[in-house]
Amino acid sequence: MSMKNHAEVAIIGGGIVGCAIAYYVAKSGIDCVLIEKNDIASGTSSRCDGNVTIVDKDPGFDSLMSWKSQELTIELNKELDLPFEYRPLGSLLVCENDREMQAAKEWVDIQTAAGLKFNLLDREDLRQESPYFADDIPGGLECETDSLINPYLFCYSLIEKAKQYGLKLQTQAEVTNITKKETFTIETTNGTFTAKKVVNAAGVWAPFIGKMLDLDIPIIPRKGHIMVGARQKPIMMRNVMEFGYLMNKFGRERIVDKRTEQHGVALVLEPTESQNFLLGSSRQFVGYDGRIDINVVETMARRAMRFYPKMNDFTMIRTYTGFRPWTSDHLPIVSEVDSIPGFFIAAGHEGDGISLATVTGKLIDELIRGVSDTIIPTDPLRFDRFAKVAVTQ
């Protein structure tokens, strides 16, 4: 085996999580290779929005992870050479009714008590945000520290800098088998690699990598649709979600029509750098079926009209789908596997891969180096937390 195909650490998966890991590991001076079956950011990371948010996170550990990730993203905006459309504008969570407004007030109280920058917004505040809001929307909340990025550009920016630190990059190399003796042997469609440690950052495909080592990784694909709208007039300057997005994400009860509930639809609107906009979202367990479902698209459009009734003459450019790597407790797995020393998992972020990529990359780097005082606590993210818990949908 040539030294070119050997590394201290091999990272499998070239999405935003794998790219962040590659950056931090290479920056630490560790010899590493990133192996991607297609091109960088060719999977889920190119089929999602670009929200780096706390506004949609449960109070407590979930919010802490996002806060740390936001701090790291601010640093990376200064460190990385290639711009990735970083826009620290904050984000909104809007409420459909007074019941949701009461829940929003409680949400703000909890988050501000934890030191996060949340504010309650009334109807007049929303009118100042956008004239397109429906007149009967009672208000919502904002998180001041939330930001937007271009995930595709962010991946390439991370990799470009990581290569300066010595990262070896191998694309068009689908992993076909992994074995372990003294070191790991990774067979791919574009050569064989060896490494002392392996990080499985393959997102929704992480279970397939796990099976190569007889490991059951409880991650399931959760499909989502996104529509792309053409700019005619700016609708919003910053990201907005409806409060029901949290209900969908965490499986909580909502008061919506049957069709909206069936497809897991909730409003998400993200303005792009060019002031086009991305419109979502939906959540479905349909395996790896990536086909566009026109019934879901129609439901998303109808839901958007509930909050933005004056959008009825905007042109939609296209629709696409992607898969969120779902876990039953809605937290990712960022952990070494005790039964396979040297094998790490960094996957299962569901819809939070963009928000949590940087803190995941930093944490994996620290775990590889044996750092005891890690950037965030590790116990909630351990792989073995699923040992006695059945996976359900």
Side-chain angles (χ1 to χ4, degrees), residues 42-51 56 93-97 99-100 132-134 136-137 151 203-205 219-232 235-236 239-272 276-328 330 349-354 391-393:
S42 58
T44 300
S45 295
S46 63
R47 297 175 176 272
C48 59
D49 53 33
N51 302 317
D56 59 336
L93 203 63
V94 296
C95 299
E96 185 177 11
N97 50 55
R99 178 183 174 186
E100 289 187 355
Y132 288 93
F133 273 122
D136 64 339
I137 301 300
V204 292
W205 294 275
I219 291 173
I220 297 171
R222 199 177 194 184
K223 179 179 173 181
H225 288 68
I226 290 182
M227 302 163 67
V228 183
R231 176 181 181 175
Q232 290 163 298
I235 299 174
M236 290 286 300
N239 178 64
V240 61
M241 304 177 185
E242 66 162 296
F243 204 82
Y245 180 86
L246 296 177
M247 307 299 125
N248 274 354
K249 180 178 178 182
F250 298 114
R252 296 166 185 161
E253 184 180 354
R254 297 175 67 195
I255 303 175
V256 291
D257 63 90
K258 184 177 179 180
R259 187 175 176 184
T260 300
E261 181 181 9
Q262 176 187 354
H263 299 314
V265 168
L267 172 76
V268 178
L269 188 147
E270 177 195 316
T272 66
N276 288 338
F277 60 93
L278 306 182
L279 189 65
S281 64
S282 63
R283 293 176 185 269
Q284 299 170 284
F285 292 110
V286 291
Y288 291 87
D289 182 358
R291 291 175 296 180
I292 294 170
D293 185 335
I294 190 62
N295 292 314
V296 176
V297 174
E298 290 175 351
T299 305
M300 287 167 52
R302 187 179 62 188
R303 192 61 183 167
M305 291 291 292
R306 164 67 186 97
F307 291 89
Y308 294 99
K310 299 174 186 176
M311 280 176 53
N312 60 357
D313 61 346
F314 275 72
T315 301
M316 304 311 297
I317 301 173
R318 65 188 180 99
T319 301
Y320 56 88
T321 66
F323 297 108
R324 306 175 183 91
W326 177 91
T327 67
S328 58
H330 305 285
H349 295 75
E350 196 170 341
D352 294 330
I354 307 304
V391 176
T392 58
Q393 296 184 20

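None of these values were measured; they are calculated from a predicted model. Numbering of residues begins at 1 and proceeds along the displayed sequence.
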**Asked** Hey, does the side chain of Thr321 reach the backbone of Gly290 with a donor-acceptor pair shorter than 3.5 angstrom?
**Response** yes
**Message:** Rounded at 0.5 Å granularity, tell me how far CG in Leu279 sits from CD1 in Ile317.
**Reply:** 12.0 Å
**Asked** Is the ring centre of Phe277 less than 6.0 Å from the ring centre of Tyr308?
**Response** no
**Message:** Just so I know, are the side chains of Asn295 and Arg259 near enough to count as touching, which here means a heavy-atom distance under 4.5 Å?
**Reply:** yes
**Request:** Enter the distance from Gln284:CD to Arg222:CZ here, rounded to the nearest 0.5 Å.
**Result:** 10.0 Å
**Message:** Val265 vs Arg302, test: side-chain contact (heavy atoms from CB on, under 4.5 Å). Steps then yes/no.
**Reply:** CA-CA 10 Å; Val265 168; Arg302 187 179 62 188; over 6 Å; no
**Prompt:** Below 4.0 angstrom, N of the basic side chain to O of the carboxylate: do Arg306 and Asp257 qualify?
**Reply:** no
**Message:** Can a donor-acceptor pair be found, under 3.5 Å and without considering hydrogens, that links the side chain of Tyr288 to the backbone of Val204?
**Reply:** yes
**Asked** Do you know the tightest heavy-atom contact between Phe133 and Met236?
**Response** CE1-SD, 3.9 Å
**Prompt:** Atom CG in Asn239, atom CG in Leu278: separation rounded to 0.5 Å?
**Reply:** 9.5 Å
**Complete:** Scanning both residues in full, the closest heavy-atom pair of Gly50 with Pro151 reads CA-CG, 3.8 Å
**Message:** I'd like to check Met316 versus Val297 (side-chain heavy atoms, cut-off strictly below 4.5 Å). Are they in contact?
**Reply:** no
**Request:** Side-chain contact test, heavy atoms from C-beta onward, threshold under 4.5 Å: evaluate it for Ile226 versus Val268 and give yes or no.
**Result:** no
**Salt bridge Arg291-Asp289, side-chain N to carboxylate O under 4.0 Å** = yes
**Request:** Find out whether Arg303 and Glu242 are in side-chain contact, i.e. whether some heavy atom of one side chain is under 4.5 Å from a heavy atom of the other.
**Result:** yes
**Minimum-distance pair of heavy atoms, taken over all atoms of Met311 and Met305** = C-SD, 4.1 Å
**Message:** Would you compute the distance between atom CD of Glu350 and atom CD1 of Ile220 and round it to the nearest 0.5 angstrom?
**Reply:** 10.5 Å
**Item:** Minimum heavy-atom distance between His225 and Asp293, given as atom pair plus value
**Value:** NE2-N, 3.0 Å
**Message:** With a 4.5 Å cut-off on side-chain heavy atoms, are Leu269 and Phe307 touching?
**Reply:** no
**Prompt:** Without hydrogens or angle criteria, can the side chains of His263 and Ser282 be said to hold a donor-acceptor pair below 3.5 Å?
**Reply:** no
**Item:** Closest non-hydrogen atom pair, Cys48 against Ile354
**Value:** SG-CD1, 3.7 Å
**Complete:** dist Asp49:CG -> Thr272:OG1 (nearest 0.5 Å) comes out at 12.0 Å
**Message:** Ignoring hydrogens, what is the shortest heavy-atom contact between Phe243 and Glu100? Give both atom names and the distance.
**Reply:** CB-OE1, 3.5 Å
**Asked** To the nearest 0.5 Å, what is the distance between OG (Ser328) and CD1 (Ile219)?
**Response** 10.5 Å
**Message:** Do Arg324 and Thr44 make a side-chain contact, defined as non-hydrogen atoms from C-beta onward lying under 4.5 Å apart?
**Reply:** no
